[in-house]
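Everything below concerns the one structure shown next.
Please read these numbers as outputs of a predicted model, since none were measured by experiment.
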Amino acid sequence: MFRTKRSGLVRRLWRSRLIPDKEREDGNGKSGEDGAAVCVQAQGSPRSMQDSECRTVTCCLFKDRDHSEPRGPETVQGTRDPGSGSSETQEAMRRTVLEQELKSATYSLLKRLKERALDTLLEAVESRGGMPSDCVMVSRTDLRLGGHVASPQLLVCKLYRWSDLQHSAQLKPLCECNSFGALDSPTVCCNPYHYSRLCGPESPPPPYSRLSPNEEHKPLDLSNSTLSYTEILLMKNITSSPNITPGEFSDASMSPDAPKQSHWCNVAYWEHRTRVGRLYTVYEHSVSIFYDLPQGTGFCLGQLNLEHRSSTVQRTRGKIGYGILLSKEPDGVWAYNRSEHPIFVNSPTLDIPNSRTLVVRKVMPGYSIKVFDYERSCLLRHTTEADLLDGPYDPNSVRISFAKGWGPCYSRQFITSCPCWLEILLNNHR
């Protein structure tokens with residue numbers, strides 16, 4: 001019975017591996033947005049399309065080893081070039097060999113795991129990270145994939161999340177994972193949803209030729225007392241009190257007589273120019289901010305009610321999904337995109353120093369980015385020129401928009417034009 005259940009778990013894990021169609025559906029590898037390689041489906045009969053789908057797993061996982069040969073053009077009579085059949089046969093054989101190598105390496109890894117670990121891994125894969133799951137620890141021994149070597153975490157992340165992943169250095173363990181900061185440990189976690197993919201240099205989209213004439217795209221009116229910038233100024237005035245450490249925000253939800261607790265940030269949720277709900281105070285080292293999550297705790301945006309929401313806001317709220325994981329780490333504050341759509345981020349440490357150019361970074365699903373760098377923040381305090389600051393400015397504020405970008409490269413020039421966005425007000429971050 002033990003062997004039967006164990007072998008069943010292994011088979012289910014193998015069948016759950018990533019294929020391009022599923023990859024595009026879950027948003028963790030959208031080729032048109034993050035440059036991930038996606039194999040082209042073969043055209044023809046349903047049978048040929050099924051065969052192609054079966055082969056695309058290996059094709060994507062080994063894209064730099066799988067160089068398809070061009071097919072010979074058809075003649076006027078409809079016959080193919082004599083060598084085309086041979087090329088297709090060789091291609092099919094090579095893919096079959098690569099598929100067997102992949103299966104052998106996967107089974108070799110899964111055989112190291114006990115039944116309980118297999119259960120945990122399967123639950124994480126089938127829930128796509130929506131359910132909290134434990135670490136799946138395994139020895140740090142590398143695996144052989146044909147002529148290549150792959151670490152356990154690289155293999156599982158290629159299998160279940162990013163088929164174009166090339167090196168384990170592109171991965172970052174989440175702060176709650178046992179592998180976080182444990183570079184010299186003899187074991188490593190192979191739960192693919194305990195990792196995020198690091199954002200690399202990006203090419204910004206071309207700027208739009210004209211702005212939308214809608215009212216929501218007008219410049220920010222600082223006379224509106226409900227705007228976040230005014231709120232930030234008020235909070236900065238509070239921090240000038242001799243009883244509060246500079247750079248530290250006051251928690252308005254606590255009474256003066258209550259014992260002072262340490263919190264590292266407050267989170268405000270906005271819909272265009274309207275703040276919805278109260279400030280959410282974060283005490284733990286990490287917090288999930290989501291619209292709908294099967295299991296878990298954190299800041300649930302789906303429970304925040306507002307009358308007369310526009311259709312644009314409603315559609316964007318529906319794209320928040322699992323949302324983001326915000327974590328305070330030794331080198332700064334990180335944001336991990338758990339949703340199926342991009343998020344857009346701006347902070348003082350992402351901007352170009354002493355420049356009026358606003359830098360908004362696009363973070364694809366499954367990727368993470370350091371939204372606030374402690375060391376860079378300290379340098380900016382001494383180098384930022386006051387003449388370049390237009391209006392109220394808070395060096396400890398991060399803005400994150402769900403699904404919609406803003407700035408010079410987008411039709412929305414201001415964050416207040418975005419349907420759903422967050423304002424992260426950092427406390428004393430040192």
Side-chain angles (χ1 to χ4, degrees), residues 169-177 179-183 195-202 228-229 231-233 235-236 238-240 244-251 260-268 279-289 298-299 324-338 343-355 357-363 367-386 388-389 392-401 415 421-430:
Q170 296 173 280
L171 298 173
K172 177 185 180 298
L174 300 183
C175 61
E176 297 177 353
C177 178
S179 292
F180 178 76
L183 299 177
Y195 290 88
S196 64
R197 189 167 175 178
L198 292 170
C199 281
E202 64 175 15
S228 60
Y229 300 94
E231 181 177 58
I232 292 174
L233 283 179
M235 299 182 76
K236 290 176 72 175
I238 292 175
T239 61
S240 63
I244 300 178
T245 305
E248 180 180 356
F249 290 106
S250 175
D251 185 0
K260 187 176 181 180
Q261 301 181 27
S262 175
H263 68 283
W264 63 274
C265 79
N266 287 310
V267 181
L279 288 177
Y280 185 89
T281 304
V282 181
Y283 297 94
E284 303 294 333
H285 286 288
S286 64
V287 59
S288 291
I289 305 172
F299 189 11
I324 66 171
L325 178 69
L326 200 67
S327 59
K328 178 184 180 184
E329 302 181 14
D331 59 341
V333 178
W334 286 78
Y336 164 46
N337 185 5
R338 302 180 65 190
I343 62 172
F344 298 82
V345 180
N346 166 258
S347 82
T349 62
L350 292 176
D351 283 333
I352 302 174
N354 295 325
S355 172
T357 303
L358 180 72
V359 176
V360 178
R361 291 294 304 271
K362 181 179 182 180
V363 183
Y367 282 67
S368 65
I369 186 173
K370 188 194 298 183
V371 296
F372 195 87
D373 187 297
Y374 294 151
E375 183 177 355
R376 186 176 177 86
S377 174
C378 292
L379 294 175
L380 290 176
R381 290 181 181 181
H382 300 92
T383 59
T384 303
E385 297 180 9
L388 296 176
L389 303 179
Y393 170 79
D394 187 352
N396 297 318
S397 176
V398 178
R399 297 171 181 85
I400 301 176
S401 173
I415 183 65
W421 56 282
L422 301 172
E423 187 175 31
I424 316 299
L425 305 173
L426 298 176
N427 195 352
N428 184 14
H429 56 267
R430 271 304 196 187

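The closest side-chain heavy-atom distance from Lys328 to Ser286 is not below 4.5 Å. At least one side-chain heavy atom of Leu198 sits less than 4.5 Å from a side-chain heavy atom of Trp334. Counting heavy atoms from C-beta outward, Gln170 and Tyr195 have side chains that stay 4.5 Å or more apart. Asn337 is not listed as a side-chain neighbour of Tyr367, based on a closest heavy-atom distance of 4.5 Å or more. Contact check for Leu426 versus Val333: side-chain heavy atoms found under the 4.5 Å cut-off. The shortest side-chain heavy-atom distance between Leu422 and Ile324 falls under the 4.5 Å cut-off. The closest side-chain heavy-atom distance from Asn396 to Phe372 is below 4.5 Å. Within the 4.5 Å cutoff, the side chain of Val282 has no heavy atoms near those of the Leu326 side chain.
Atoms CZ and CD1, from Phe344 and Ile415 in turn, are 10.5 Å apart once rounded to the nearest 0.5 Å. Within the model, atoms CG of Asp351 and CZ of Arg361 stand 11.5 Å from one another, a figure rounded to the nearest 0.5 Å. From Lys370, atom NZ reaches atom CG of Leu350 across 10.0 Å, with rounding to the nearest 0.5 Å.
Legend: residues meeting side chain to side chain donor-acceptor pair (under 3.5 Å) with Ser196, ordered by chain and number and at least two apart, are Ser368. Qualifying side chain to side chain donor-acceptor pair (under 3.5 Å) partners for Ser327, counting only residues two or more places apart in sequence or in other chains: Glu329.
With hydrogens and angles ignored, the 3.5 Å screen pairs a side-chain donor or acceptor of Ser347 with a backbone N or O of Val371. Counting only distance, with no hydrogens or angles, the side chain of Asp373 and the backbone of Gly332 share no donor-acceptor pair below 3.5 Å. Here the side chain of Asn346 pairs no donor or acceptor atom with the backbone of Arg399 at under 3.5 angstrom. For Arg197 (side chain) and Leu171 (main-chain N/O), no donor-acceptor pair under 3.5 Å exists by modelled atom type.
Donor-acceptor pairing under 3.5 Å is lacking for the side chains of Asn427 and Asn266.
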Problem set entry | Criterion side chain to side chain contact (heavy atoms under 4.5 Å, CB included) on Val360 and Val345, from CA distance to verdict | CA-CA 5 Å; Val360 178; Val345 180; over 6 Å; no
For this session: Given side chain to side chain contact (heavy atoms under 4.5 Å, CB included), test Val267 with Ile289 step by step and report yes or no.
Result: CA-CA 9 Å; Val267 181; Ile289 305 172; 4.0 Å; yes
| query | When you look at Tyr374 and Arg376, which way does the side chain to side chain contact (heavy atoms under 4.5 Å, CB included) test go after all the steps? | reply | CA-CA 6 Å; Tyr374 294 151; Arg376 186 176 177 86; over 6 Å; no
Would you please test Lys362 and Cys199 for side chain to side chain contact (heavy atoms under 4.5 Å, CB included) and show each step?
CA-CA 9 Å; Lys362 181 179 182 180; Cys199 281; over 6 Å; no
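Contact between Phe180 and Pro330 at its shortest, heavy atoms only, is CZ-CD, 4.3 Å. Residue Gly298 comes nearest to Val287 through the heavy atom pair CA-CG2, 4.3 Å, listed as atom of the first residue, atom of the second, then distance. Of all heavy-atom pairs between Ser288 and Leu325, the closest is OG-CD1, 3.6 Å.
Using the six-membered ring where Trp is involved, His263 and Tyr283 have ring planes that are perpendicular, over 60° apart on the 30 and 60° scheme.
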